[in-house]
Amino acid sequence: GETLELTEAVDVVFYDGGDATISNFDLGTDLLWFFLTLEQIEAADNRFSGEGNLIIDFGDFGTLTFLSIVEDSTPTVAI
């Protein structure tokens with residue numbers, strides 16, 4: 001599928017279901033509005049992939065994926 005690439009400005013994402021992939025979402029700056037029921041939101045399965053992607057699975061209603069939402073903060077130690 002296609003990926004929606006956000007800008008450097010404050011972006012607002014409106015999600016009402018379906019499969020969507022978002023890149024360049026800036027936590028603390030960009031906004032996310034759900035047009036789902038409270039029950040759909042509460043039943044969602046949230047997880048992080050190994051690449052720092054946040055995946056919110058709403059079951060039959062779709063999956064919302066934020067690419068590289070967190071950076072790998074694993075410390076590197078040279079011995």
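These numbers come from a predicted model, not from an experiment. Residue numbers count from 1 along this sequence.
Looking at heavy atoms from C-beta onward, F61 lies out of side-chain contact with D16 at the 4.5 angstrom threshold. Here the side chains of F66 and L27 are not in contact, with every heavy-atom distance at 4.5 Å or above. At least one side-chain heavy atom of F14 sits under 4.5 Å from a side-chain heavy atom of F35. In this structure, the side chains of F25 and V13 come closer than 4.5 Å at one or more pairs of heavy atoms. Between L36 and Y15, the closest side-chain pair of non-hydrogen atoms falls below 4.5 Å. Looking at D26 and E8, their side chains never come closer than 4.5 Å, going by heavy atoms from C-beta outward. Using a 4.5 Å heavy-atom threshold, the side chains of V70 and L54 count as separate. F58 has its side chain out of reach of T63: every pair of non-hydrogen atoms, C-beta onward, lies at least 4.5 Å apart.
Of the candidates L64, L67, T65, D30, I22 forms a side-chain contact (heavy atoms from CB on, under 4.5 Å) with just one, namely L64. Among N53, T3, I55, the single residue meeting the side-chain contact (heavy atoms from CB on, under 4.5 Å) criterion with T21 is T3.
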With side chain to side chain contact (heavy atoms under 4.5 Å, CB included) as the criterion, how do L4 and S23 come out once you've worked through the C-alpha distance, each side chain's angles and the decisive distance to 0.1 Å?
CA-CA 6 Å; L4 175 63; S23 70; over 6 Å; no

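Summarising the geometry, atom CD belonging to E51 is positioned 14.0 Å from atom CD1 belonging to I69; distances are rounded to the nearest 0.5 Å.
Within the 3.5 Å criterion, the main-chain N or O of E39 finds no donor-acceptor partner in the side chain of E42.
Considering all non-hydrogen atoms of both residues, D57 and R47 come closest at CB-NH1, 4.1 Å.
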